[in-house]
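Presented below is the structure to which this report refers.
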2 protein chains.
Amino acid sequence: MINILIADDHTMFVDGMESILKTEVDLFVAGRSYDGPSVIDFLKENKVNLVLLDVNLPGMNGIEVCKEITASYPDVKVLAISMFNEESFVSEILNNGAKGYLLKNTGREELLKAIRTVAAGESYFSKDVTETIMKGLMNQRKASAKSNAFFPKLSRREKEVLKLIAQEFTTQEIADSLFISLKTVESHRSSLLSKLNARNSVGLVRIAIENDLLQ
Amino acid sequence: MINILIADDHTMFVDGMESILKTEVDLFVAGRSYDGPSVIDFLKENKVNLVLLDVNLPGMNGIEVCKEITASYPDVKVLAISMFNEESFVSEILNNGAKGYLLKNTGREELLKAIRTVAAGESYFSKDVTETIMKGLMNQRKASAKSNAFFPKLSRREKEVLKLIAQEFTTQEIADSLFISLKTVESHRSSLLSKLNARNSVGLVRIAIENDLLQ
DNA sequence: TTATTTTTGGGGGTTTACCCGAAGTTTTAT
DNA sequence: ATAAAACTTCGGGTAAACCCCCAAAAATAA
């Protein structure tokens, strides 16, 4: 008998999940949680073998909940469930002790198989999720190049000018607001174009937004 | 007897929903669809009283599906279901013929009540959804300026030009790639500036990125 | 201390973006 | 079906952006 705790803030989903599990003789729904903290509370009082854990949980993030579970209750298996096949979610929660990761578009049979596999101590991932992980590993180099790692360092003034450009101010307006010459602003803009390898201000702003350089 | 079609791309969710409805003697799950077009196909061949329709459906948007249903099958009631309590979604799909709107964190009892209410020809909304609608009506002016609901509609050509602007192409390059005059491209840019209320191309691209208009 | 980067700015020129107007076509609404 | 609205297509003119050259004071790093 596998004692299961379902943790998801979508009641409708929990109801449905319970209906599925109820038909199986070897599975028992020991409890239901609609937020992070109540999962921890429940584990204190009850004997649970496996937690069906939604990654996007309110109150306390699913990843934190998972971390807490594997730290305090190493025997309790965690099967993560999410709407999203996003590499960041998958790798995050796997690094925090989850034994499997399912998407919510997984079918009934695969769900049951995943539960039994994880409860037996093995790992289980949706096919799509496996692909995502592989892709993530393959693009590791590319990802690190894209992120802040090799990102050109911008000076204080350049950042100021960049922010004002992104707010649709003209060069003259930027000059006035910073109390410097129009030529100076153009000089900063030119440096930005060169550093960020952009062809024009549109490129500057696109790159700035993509790299969260504004505000 | 209420014949129901469940339309949601999350298999797990559909399975669960079916498990719930199966226990009710007056409800019958006539079919399941995992994308927009198959909903329309199913209605052609089968007698259905009510469609449980996910707003965020792949292939064909839930809103378009709803429009199609109410146009071709006015007797079929649509009960919209969504993860998100967003004013734009709610008002959009209600304007396209849906008789009710539920969130996925709705409980089993409320789900059954909603189905029976809508099937009887009345409307049903989650409490949270009702609040959202009210809030939306009160902030109508603010909403029209901010949310996607009343977002200016861009023409095919305008979107093409916008995407190319965001890719840092000059007007001449855009003209060459679209086989139109430089002046025509500038005209489209001008329309975009007016519609999106931007001062320059930087603003266009910022707004485009914020509203996910690219790609 | 010395070297490097940053910030500041000028002169002069080319290219691009933006504004005003306008005509023919297509789409939408009544 | 017919009027209204929107879309696509351009020309002429001006303001702004972008580019090249350069260089000195100030701050920062070695």
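Numbered from 1 within each chain, the chains take letters A, B, ... in sequence-line order. Model, not experiment: these values are computed from the prediction.
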- [ ] Rounded off to whole Å, could you give me the CD-to-C1' distance for the A/E168 and D/dA15 pair?
- [x] 17 Å
Task: Atom-to-atom span, NE2 of A/H188 to C1' of D/dA26 - whole angstrom - done: 13 Å
Open item on the list: For D/dT8 and B/R156 - does any side-chain N or O of the residue sit under 4.0 Å from the phosphate oxygens OP1/OP2?
Closed with: yes
Task: Selection from C/dG9, D/dA17, C/dC18 that lies nearest to any side-chain heavy atom of A/T171 - done: D/dA17
Task: Protein-nucleotide distance (A/I174, atom CD1; C/dT8, atom P), rounded to Å - done: 13 Å
Open item on the list: Please give the stem ranges for DNA chain C, sorted by first residue number, where a stem is three or more consecutive Watson-Crick or G-U pairs and both donor-acceptor distances are under 3.5 Å.
Closed with: C:3-29 with D:2-28
Task: Nucleotide D/dA17, atom C1' - distance to CD of A/E173 in whole Å - done: 14 Å
Open item on the list: Need one value for B/L182: base, sugar-phosphate or nothing, where a base atom within 4.0 Å counts as base even if backbone is also close, heavy atoms only.
Closed with: nothing
TODO: Grab the CG-P distance between B/L192 and D/dA6 for me, whole Å please.
DONE: 15 Å
Open item on the list: Looking at the base of C/dG12, is there any donor atom on it, or on the side chain of A/K183, that sits under 3.5 Å from an acceptor on the other one?
Closed with: yes
Open item on the list: From CZ of A/R157 over to P of C/dT6, roughly how many Å is that when rounded to an integer?
Closed with: 14 Å
TODO: Report the distance from atom CD of A/E158 to atom P of C/dT8, rounded to the nearest whole Å.
DONE: 11 Å
- [ ] Select base, sugar-phosphate, or nothing to describe what A/K195 touches, counting heavy atoms under 4.0 Å on all strands.
- [x] sugar-phosphate
- [ ] Would you indicate which nucleotide in D/dT8, C/dT16, C/dC18 comes nearest to any side-chain atom of B/T184?
- [x] D/dT8
Open item on the list: Measuring to OP1 and OP2 of C/dG10, would you say a side-chain N or O of A/S181 lies under 4.0 angstrom away?
Closed with: yes
- [ ] Classify the side chain of B/S187 and the base of D/dC10 as holding, or not holding, a donor-acceptor pair under 3.5 Å.
- [x] yes
Open item on the list: Students often get this wrong, so: under 4.0 angstrom with heavy atoms, is A/S201 touching a base, only sugar-phosphate, or nothing?
Closed with: sugar-phosphate
Open item on the list: As a test of reading the structure: which of C/dT6, D/dC10, D/dA16 is closest to the side chain of A/T170, going by heavy atoms?
Closed with: D/dA16
Task: N/O (side chain, A/R199) to phosphate O (OP1/OP2, C/dT16) under 4.0 Å - done: no
Open item on the list: From the set D/dC7, D/dC19, D/dT9, return the single nucleotide nearest to any side-chain atom of A/E186.
Closed with: D/dC19
TODO: Calculate the interatomic distance between B/L154 atom CG and D/dA6 atom P; express it in whole Å.
DONE: 14 Å
- [ ] Return the nearest nucleotide to the side chain of A/N200; candidates are D/dC18, C/dT7, D/dT8.
- [x] D/dC18
Task: Side chain of B/L193 - closest among C/dA17, C/dC19, C/dT7 - done: C/dC19
Task: Of the listed nucleotides D/dT8, D/dA17, D/dC10, the one nearest the side chain of B/I180 - done: D/dC10
Task: Between A/S38 and A/D41, a side-chain donor and acceptor under 3.5 Å - done: no
Open item on the list: Any carboxylate oxygen within less than 4.0 angstrom of a Lys/Arg side-chain nitrogen, looking at B/K183 and B/E186?
Closed with: yes
Open item on the list: So that I can tick it off, tell me whether B/E173 and A/R199 are bridged by a salt bridge, with the cut-off set at under 4.0 angstrom between side-chain N and carboxylate O.
Closed with: yes
TODO: Assess whether atom NZ of B/K195 is packed by more than 12 heavy atoms of other residues, nucleotides or ligands within 6.0 Å.
DONE: yes
Open item on the list: Can a side-chain donor-acceptor contact be found between B/R108 and B/T23 if the only test is distance below 3.5 angstrom?
Closed with: yes
Task: Short N-O contact, A/E109 and A/K113, less than 4.0 angstrom - done: no
TODO: State whether the side chain of B/S19 and the backbone N or O of B/D15 hold a donor-acceptor pair below 3.5 Å, judged by distance alone.
DONE: yes
- [ ] Output yes when a side-chain donor or acceptor of B/S201 lies under 3.5 Å from a complementary backbone atom of B/L204, and no otherwise.
- [x] no
